[in-house]
Amino acid sequence: MTAVAEDVTYTGVISEMNETGDTKIRWDKDNPDEVAAARAAFDALKAKKFRSYAMNGKDRVIIHDFDPDAEQIVMAPQTVGG
Amino acid sequence: MAITLLDYTSAATGTMGYATFTLTGMTTEMTTTTGTTVITSYADTTTGQLWYTAGDKWIQAPAYPVAHPYVARPRRAAPDPDAAARQARFAAELRERDRARSLAAATARATARALLEDWLTPAQRATLDRGHIDVTGSAGGRYRIRTGGGQAGNVDLLDARGRVLLSYCAHPGARVPHEDGFLAQLLHLETDEPGFVAVANIDRDYRPRLLAAA
């Protein structure tokens, strides 16, 4: 009998800023269900006017749509004047 | 018919108190705060006004049949033998709640700090421990995000020589740890400096510094 180790892989992560620090939503771009779940989470936060940023190599860019190829996405609550 | 009176003066002792008496005819037994005595009462059948004697005084009772507004004095609650134990339990619960809240806040800040460091450049990470992050805005402005305190009024606009011209106050509109707030400020400035400036409030003391820098 061959033992198969469970290998959980992911290619991207959304960090949703909140009171706990952040909540991570991970996905594997080759897994359609995970991509769909991450996209739904992204869209839900955008509906709440969260700002979304992606890290592409060294560059930090603003994004407006979910990118399944992104490695890291940060979603921050809307900025308000203090 | 029972009537309660306030400001009854005992003919026997002269003390004030309140009394309840029951009309049984011309002679009435009256129970007072100082004991029991026999009084004589008189009812005016025309007006319904009730009078009674206490010793040698005639006292006017409340008009019959209007109920007297005064009520018996509230009784003092009996001492609760479990009160001390209950208070101790409540204090312990409060302490535990505070401890859990502090732990959650510390965990949240550590999580946010890790995310912040993940997104900083090596140069920015190096200055974080010194209490600030330097940022170049998308429109070319130079900013310093002070990280030693909170997220309010902590974004300084610098001139070419690194002097503070004014301070901006803008941060996430939801409750997040400060480190999340610093990262949100940095990302907003780097990707949409005009938008950040448009939404931010400006430190009221900036004008003197602008003039001094000129």
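Numbered from 1 within each chain, the chains take letters A, B, ... in sequence-line order. Everything quoted here is computed from the prediction, not taken from an experiment.
Between B:T107 and A:T20, the closest side-chain pair of non-hydrogen atoms is not below 4.5 Å. With contacts defined as side-chain heavy-atom distances shorter than 4.5 Å, the pair A:K24/B:L115 qualifies.
Contact annotation for B:R175: both backbone and side-chain heavy atoms come within less than 4.5 Å of a heavy atom of chain A. For A:T79, the parts sitting under 4.5 Å from any heavy atom of chain B are the backbone and the side chain alike. Contacts between A:K48 and chain B at a heavy-atom distance below 4.5 Å are absent for every atom of the residue. Of the two parts of A:D22, the backbone and the side chain both hold a non-hydrogen atom closer than 4.5 Å to a non-hydrogen atom of chain B. Proximity to chain B involves both the backbone and the side chain of A:R60, based on heavy atoms less than 4.5 angstrom apart. Using a 4.5 Å cut-off between heavy atoms, A:E19 touches chain B through backbone and side chain atoms alike. Of the two parts of B:S138, neither the backbone nor the side chain holds a non-hydrogen atom closer than 4.5 Å to a non-hydrogen atom of chain A. Within the 4.5 angstrom heavy-atom criterion, atoms from both the backbone and the side chain of B:A174 approach chain A. If you measure heavy-atom distances from B:A104 to chain A, you find no contacts under 4.5 Å at all.
No more than 12 heavy atoms of other residues, nucleotides or ligands shown are found within 6.0 angstrom of CD on A:E71.
Between B:W119 and A:Q72, the closest heavy-atom pair is NE1-OE1, 3.2 Å. Across every non-hydrogen atom of B:T191 and A:I62, the tightest pair is CG2-N, 3.7 Å. Of all the heavy atoms in A:N18 and B:P177, the pair that sits closest is O-CD, 3.2 Å.
Taken to the nearest 0.5 Å, the CD atom of B:E179 stands 10.5 Å off from the CE atom of A:M17. The CD atom of B:E190 sits 9.5 Å away from the OH atom of A:Y53 when rounded to the nearest 0.5 Å. Here OG of A:S15 is found 9.0 Å from CG of B:L183. Values are rounded to the nearest 0.5 Å.
Heavy-atom pairs under 4.5 Å with chain A were tallied for B:N201, B:L186, B:D180, B:D192; the largest tally goes to B:D180. No other option in B:A170, B:A110, B:G195, B:A114 has as many heavy-atom pairs under 4.5 Å with chain A as B:A170.
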